[in-house]
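Residue indices begin at 1 and follow the sequence shown.
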Amino acid sequence: MKRVALFVLALLCVTVAAAPSVLLDSALASASEGRVRLASPDGSLWHGQGYLAQAGEGKQLKPWLKLGWRFDPPALLHGEGAWDVEADGKSAARIVLGLDGWRMEGLEITLPAQPLFRAVAHPAFHFGWRGWLEADGKGLECDWRSVCTGNFALSWRAASTDILLEPRLGDYRAEVDADGSSLSLQLSSTAGSPLQISGRIDLSPGLSPALDLTLDGKPAIIDRLAPLINSIAQRDGTRLRIRSP
């Protein structure tokens, strides 16, 4: 029975890999409600490339990252379908599909923050956030029921936003840890950052996010932020505290 399952998996992987890369554009457009596209897709899902692009007005696409991917046939001998992904010519991740689930390993990628945040529907992400987002670490492994384990780090370098007069807010880091039942993010900022952030976010299936965050820093920044997030934050002297539930 297991041999049959492995054969079906291999056949499925080969069939998918032979599909045209333009299918990735359709998937990205659907997932982002048209805000992120794959411009100039070339090749197939077996071996191809394209540019992650922000969809502007008049359907104009603004490329911001070159992606490349290559299917790894020898992985089929181990009952897996694997793709090596590059970003701007550098190794970014390895994505592996198996009978029990999928995993993303060898994560190391840098992305511009603005187009990524604009791809999120919530208005809070459309305040002109800028900088660079970096992801690195062991990676993530999930079964087909979306139960995940693993750890990696997300960094936001040279952060800035249009809603504050401060040209640079600093550098921030989130240590992400998944233990199979929940996902936790431990947030911190560098000592010289004008806006200091520390605390934790816990995400569990079926529950509202648990937030325990403190925002501190230059008084002018805190005074500007306070009215923007007064629905979720409480003022505590020179600090803003976010507690939920």
Side-chain angles (χ1 to χ4, degrees), residues 36 52 54 64-65 85-93 104-120 122-140 148-179 182-203 209-244:
V36 177
L52 283 182
Q54 179 181 339
W64 48 272
L65 183 76
V85 181
E86 292 185 346
D88 283 340
K90 298 179 180 180
S91 177
M104 180 171 55
E105 55 192 27
L107 189 61
E108 188 173 357
I109 187 171
T110 300
L111 305 168
Q114 187 178 30
L116 279 180
F117 284 142
R118 288 191 63 83
V120 181
H122 197 284
F125 288 90
H126 301 171
F127 291 154
W129 301 106
R130 294 181 177 83
W132 295 91
L133 299 175
E134 301 175 356
D136 63 89
K138 178 182 177 181
L140 203 62
C148 301
T149 58
N151 54 78
F152 58 95
L154 294 174
S155 299
W156 186 6
R157 307 296 184 192
S160 66
T161 175
D162 291 343
I163 65 173
L164 298 175
L165 297 178
E166 185 72 31
R168 292 288 177 89
L169 297 179
D171 299 332
Y172 306 92
R173 186 174 178 86
E175 299 288 344
V176 183
D177 184 69
D179 63 7
S182 65
L183 184 73
S184 67
L185 292 81
Q186 189 72 39
L187 277 63
S188 62
S189 52
T190 56
S193 298
L195 176 64
Q196 295 286 312
I197 298 177
S198 61
R200 184 183 178 95
I201 301 175
D202 290 302
L203 306 172
L211 308 176
D212 185 3
L213 302 173
T214 299
L215 282 64
D216 201 351
K218 291 186 177 181
I221 295 180
I222 299 300
D223 290 342
R224 176 65 172 166
L225 276 177
L228 297 175
I229 59 175
N230 61 4
S231 61
I232 60 171
Q234 292 183 341
R235 189 71 179 254
D236 181 13
T238 61
R239 300 178 177 182
L240 293 172
R241 296 186 180 276
I242 301 174
R243 302 286 190 275
S244 177

Original post:
Do any N or O atoms from the side chain of N151 and from the backbone of V176 form a donor-acceptor pair under 3.5 angstrom?
Top reply: no

Original post:
Just how far is it from atom OG1 of T161 to atom CG of L228, taken to the nearest 0.5 Å?
Top reply: 9.0 Å

Subject >> Contacts of R168 that satisfy side chain to side chain donor-acceptor pair (under 3.5 Å) - sequence neighbours left out >> reply: none

Original post:
What pairs meet the ring-ring contact (aromatic ring centres under 6.0 Å, His included) rule with one or both residues in residues 221-243, with sequence neighbours excluded?
Top reply: none

Subject >> Distance (rounded to the nearest 0.5 Å) between L169 CG and R130 CZ >> reply: 11.5 Å

Original post:
Taking side chain as C-beta onward, heavy atoms only, is F125 less than 4.5 Å from L116?
Top reply: no

Original post:
With sequence neighbours left out, what residues match S189 under side chain to side chain donor-acceptor pair (under 3.5 Å)?
Top reply: Q196

Original post:
Does the side chain of I232 reach to within under 4.5 Å of the side chain of L211, using non-hydrogen atoms?
Top reply: no

Original post:
Is there side-chain contact between R243 and T214, with at least one heavy-atom pair below 4.5 Å?
Top reply: yes

**OP:** Sequence neighbours left out, what passes salt bridge (Lys or Arg N to Asp or Glu O under 4.0 Å) with D216? Give chain and number order.
**Re:** R239

Subject >> Qualifying ring-ring contact (aromatic ring centres under 6.0 Å, His included) pairs with a residue from residues 211-236, counting only residues at least two apart or across chains >> reply: none

**OP:** Please list, chain by chain and in numerical order, all residues satisfying salt bridge (Lys or Arg N to Asp or Glu O under 4.0 Å) with D202, sequence neighbours excluded.
**Re:** R200

Subject >> side chain to side chain contact (heavy atoms under 4.5 Å, CB included) partners of R173, counting only residues at least two apart >> reply: D136, A153, S155, R157, E175, S188

Subject >> Distance, nearest 0.5 Å, that separates CG of D171 from OG1 of T190 >> reply: 4.5 Å

Show me the donor-acceptor pairs, under 3.5 Å and distance only, between side chains in residues 217-226 and residues at least two apart or in other chains.
from: K218; atom 1: NZ; to: E166; atom 2: OE1; distance (Å): 3.4
from: K218; atom 1: NZ; to: E166; atom 2: OE2; distance (Å): 3.4
from: D223; atom 1: OD1; to: R235; atom 2: NH1; distance (Å): 3.4
from: D223; atom 1: OD1; to: R235; atom 2: NH2; distance (Å): 2.8
from: R224; atom 1: NE; to: I163; atom 2: O; distance (Å): 2.7
from: R224; atom 1: NH2; to: I163; atom 2: O; distance (Å): 3.3

Original post:
Atom CG of L240 and atom CD1 of I229: how far apart are they, to the nearest 0.5 Å?
Top reply: 5.0 Å

Original post:
Where do D179 and T149 come nearest, in terms of heavy atoms and distance?
Top reply: C-CG2, 3.8 Å

Original post:
Roughly how far apart are T238 OG1 and L215 CG, rounded to 0.5 Å?
Top reply: 11.5 Å

Subject >> Atom of P194, atom of G170 and distance for their closest heavy-atom approach >> reply: CD-N, 4.0 Å

Original post:
With sequence neighbours left out, what residues match E108 under side chain to side chain donor-acceptor pair (under 3.5 Å)?
Top reply: none

Original post:
At what distance, to the nearest 0.5 angstrom, does NE2 of H126 lie from CD of Q114?
Top reply: 10.5 Å

Original post:
Who are the salt bridge (Lys or Arg N to Asp or Glu O under 4.0 Å) partners of D236, not counting sequence neighbours?
Top reply: R241

**OP:** Would you list the pairs meeting ring-ring contact (aromatic ring centres under 6.0 Å, His included) in which at least one residue belongs to residues 155-176, sequence neighbours left out?
**Re:** F117-W156, W129-W156

**OP:** Specify the closest pair of heavy atoms between C148 and A178, including all atoms of both residues, with the distance to one decimal.
**Re:** O-CB, 3.5 Å

**OP:** Using the side chain to side chain contact (heavy atoms under 4.5 Å, CB included) rule, take L111 and W64 through it: C-alpha gap first, then chi angles, then the decisive distance, then the call.
**Re:** CA-CA 8 Å; L111 305 168; W64 48 272; 4.1 Å; yes

Original post:
In chain order, what residues pass the salt bridge (Lys or Arg N to Asp or Glu O under 4.0 Å) check against D88, with sequence neighbours excluded?
Top reply: none

